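Right, one structure below, let's go through it.
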Amino acid sequence: MEIERELTFEDMSVHSPGAFSKGDAMRQLRTAPNAHSLRVALAELDQTSQSLTQMLNGAKEKALGNSDKDLERIKNNVKRMKFGTVELGTECAFLRSVLESALMPSAQNPPRETAAFVNANAAIKVLKDSNDREAKTVELLTQEVGAVAEQFQKLHETLTRRIEHLEQMEEKCELAESGLSDADLDAANGAHTHPEDQNLSLEQARAHIEALDAETKAVRNALRTRTAEVTTMAESLNPAKQKLKTVEAELRLFTGADTLQQRELDASSEIAETSAVATEQRLMIQALIGCEIVECDSEKLAVAVTTKIPQTQMSALEPVDGTPASKAATLVGGAVPGTPCFQRMHLVEIIFHPGSTAVKSVSLTPGDVPIDDVVASVVAAGACEKSLQSFLTEIKMRVAATSGRTEALTRTAAQTPMEWSAGASLVRVGLYSGTGGVAAMDVPLEWPMSNARVRVVGLAGLPPAVVAAAAPKVDPGGYTSIAAALRATQDALAGAGHVPTV
């Protein structure tokens with residue numbers, strides 16, 4: 001049974017993502033998704049919804065019974081929760097696009113022409129040059145044929161005129177031999193038209209006519225010969241004409257190839273423009289979510305993560321009762337505020353297994369934030385896209401939580417004896433200002449964010465009977481600060497009859 005969800009259960013929860021990701025319901029849903037595991041996860045989701053409803057109801061009751069300051073604090077907490085959910089969705093979508101997208105052409109990785117494309121372009125250029133030379137040859141042949149045809153036309157017109165003149169002379173000679181009355185008129189007209197024939201005798205005229213007739217026959221024979229030559233030449237031009245048609249067809253094909261090349265150039269330009277737009281959008285997204293990809297290849301991903309550290313919650317900075325800090329807070333109406341909001345940058349280097357998206361190891365620079373449990377979770381998930389998407393978000397949450405946790409623990413340690421470490425959740429606090437026993441407290445690495453609470457997990461240096469009597473009176477759900485947990489523990493011991501020795 002495949003279960004697809006837009007947001008994971010941890011994204012929608014108001015509790016710690018790490019705690020829920022390690023829970024039985026989520027582990028069952030990842031390893032063997034079925035109807036039962038889905039119902040269990042939905043039940044936890046309902047519990048989260050009920051907790052949100054209870055928070056809102058509590059906020060309403062506080063708004064009716066207490067000051068506006070409490071209501072404003074609750075509103076700010078709800079807004080922070082909404083902002084965290086939106087930010088988580090944005091970062092998940094960004095990481096999904098980074099993991100799924102291929103490398104776009106850039107100045108360092110420009111688009112390259114394939115060897116086949118280069119060879120085809122070279123062959124097209126050679127063929128086009130050859131066709132140009134053949135086209136010039138055909139054009140010269142066409143000009144020569146046109147010149148011969150023009151010469152033939154002029155010769156034909158000249159011979160036609162001379163034949164017509166000879167025919168007229170023959171008609172006039174026949175009229176003269178027949179002795180018709182108009183012979184003198186015709187002779188006069190012939191003498192007027194051709195003065196050189198005016199003094200010719202009949203025998204001379206006949207001889208001249210016979211000479212012209214022989215010349216006409218010779219011209220006709222030459223004309224037939226030239227006509228045959230022209231016909232032969234025209235037939236010899238037929239292959240050239242066919243070749244010319246082939247060249248024209250190939251020229252049209254080359255024109256199409258030029259168009260295709262122009263389209264490829266336009267596509268390359270469009271790709272370059274799209275790459276520039278994608279780069280601009282990626283930089284904008286990186287500025288919005290605070291993650292910048294420094295290096296990315298098949299085996300390594302280096303991301304510069306910028307975390308916005310919020311001001312530490314006032315509830316976590318509550319001073320220990322009976323200390324000078326507590327008296328000063330009573331006078332001024334509250335504890336001294338924490339460090340204002342600021343930003344911190346870390347370099348996260350993720351090493352993948354060869355040929356896979358499964359995480360092999362993770363390093364954080366500078367290494368001042370404990371992330372071993374987060375890294376172990378993403379490594380154990382294997383090639384899980386959803387786990388990798390939420391990884392950087394959990395890193396940023398851990399950085400912000402570590403900053404607030406360090407500030408709160410440092411301030412509390414200055415007020416009462418206490419042993420603590422930035423990389424361990426177990427904290428030992430001295431009871432009664434260090435004069436009567438030690439309380440072991442579990443301070444989660446996510447505290448004071450993600451609604452994490454301080455829980456009392458053990459008492460040392462006290463009679464067992466007193467410890468057994470006081471244990472049920474301590475809230476197992478935890479407290480908002482170490483001072484509150486310490487106060488509740490000492491009240492429980494007092495209720496069990498324990499009297500501290502000063």
Side-chain angles (χ1 to χ4, degrees), residues 14-16 18-20 22-24 47 50-51 54-55 58 61-62 66 70 312-330 334-335 401 404-502:
V14 299
H15 300 290
S16 170
F20 278 101
K22 299 175 184 177
D24 295 337
Q47 293 177 3
Q50 293 173 4
S51 65
Q54 294 175 1
M55 287 176 62
E61 293 176 0
K62 282 204 169 189
N66 295 333
D70 295 332
T312 306
Q313 300 177 9
M314 296 296 294
S315 59
L317 299 176
E318 180 183 2
V320 178
D321 294 345
T323 61
S326 176
K327 297 177 181 179
T330 303
R405 183 175 183 270
T406 301
E407 182 178 9
L409 292 179
T410 301
R411 186 177 295 188
T412 304
Q415 301 170 11
T416 187
M418 185 172 68
E419 294 181 1
W420 65 281
S421 172
S425 61
L426 185 63
V427 176
R428 294 179 175 85
V429 184
L431 296 172
Y432 309 106
S433 300
T435 61
V438 176
M441 300 183 184
D442 178 27
V443 183
L445 299 180
E446 296 86 2
W447 181 81
M449 300 181 65
S450 303
N451 284 346
R453 301 175 70 84
V454 178
R455 296 184 302 108
V456 180
V457 296
L459 295 173
L462 297 172
V466 174
V467 173
K473 300 180 181 181
V474 178
D475 187 1
Y479 301 91
T480 58
S481 65
I482 294 179
L486 187 60
R487 182 188 310 114
T489 302
Q490 293 177 356
D491 291 344
L493 290 174
H498 176 67
V499 179
T501 56
V502 180

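Please read all numbers here as calculations on a predicted model, not as lab measurements.
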Using side-chain contact (heavy atoms from CB on, under 4.5 Å), reason through Leu426 and Arg428 one step at a time and then give a plain yes or no. CA-CA 7 Å; Leu426 185 63; Arg428 294 179 175 85; 3.8 Å; yes
Is the backbone of Pro319 close enough, under 3.5 Å, to the side chain of Arg411 for a donor and an acceptor to pair up by distance? no
Is there a side-chain contact (heavy atoms from CB on, under 4.5 Å) between Tyr432 and Leu493 once you walk through the steps? CA-CA 11 Å; Tyr432 309 106; Leu493 290 174; 3.6 Å; yes
In this structure, OG of Ser425 is separated from CZ of Arg455 (nearest 0.5 Å) by 9.0 Å
Go through the steps for Trp420 and Val429 under the test side-chain contact (heavy atoms from CB on, under 4.5 Å), then give the verdict. CA-CA 9 Å; Trp420 65 281; Val429 184; over 6 Å; no
Rounded to the nearest 0.5 Å, the CD atom of Glu419 sits from the CG atom of Leu409 at a distance of 13.0 Å
Would you indicate whether the side-chain heavy atoms of Leu462 and Leu431 approach each other to under 4.5 Å? yes
Grab the two heavy atoms, one from Ser481 and one from Glu318, that are nearest each other, plus how far apart they are. OG-OE1, 3.0 Å
Rounded to the nearest 0.5 Å, the NE2 atom of His498 sits from the CG atom of Leu459 at a distance of 9.5 Å
Would you say Gln415's side chain and Val320's backbone share a donor-acceptor pair under 3.5 angstrom? yes
Closest non-hydrogen atom pair between Asp442 and Pro444, with its separation: O-CD, 3.4 Å
Minimum heavy-atom separation for Ala469 and Ala496, please, with both atom names. CB-CB, 3.6 Å
Could you pull out the closest heavy-atom pair between Ala401 and Leu445, with the gap in Å? CB-O, 3.6 Å
To the nearest 0.5 angstrom, please state how far the OG1 atom of Thr312 sits from the CE atom of Met449. 9.5 Å
Just by distance, do the side chain of Trp447 and the backbone of Thr480 share a donor-acceptor pair under 3.5 Å? yes
Reported CE-to-CG distance for the pair Met441 and Leu486, which is rounded to 0.5 angstrom: 5.0 Å
Within this structure, what is the OG1-CD1 distance for the pair Thr489 and Ile482, rounded to the nearest 0.5 Å? 11.0 Å
Here the pair of heavy atoms bringing Val474 nearest to Ala492 is CG2-CB, 4.0 Å
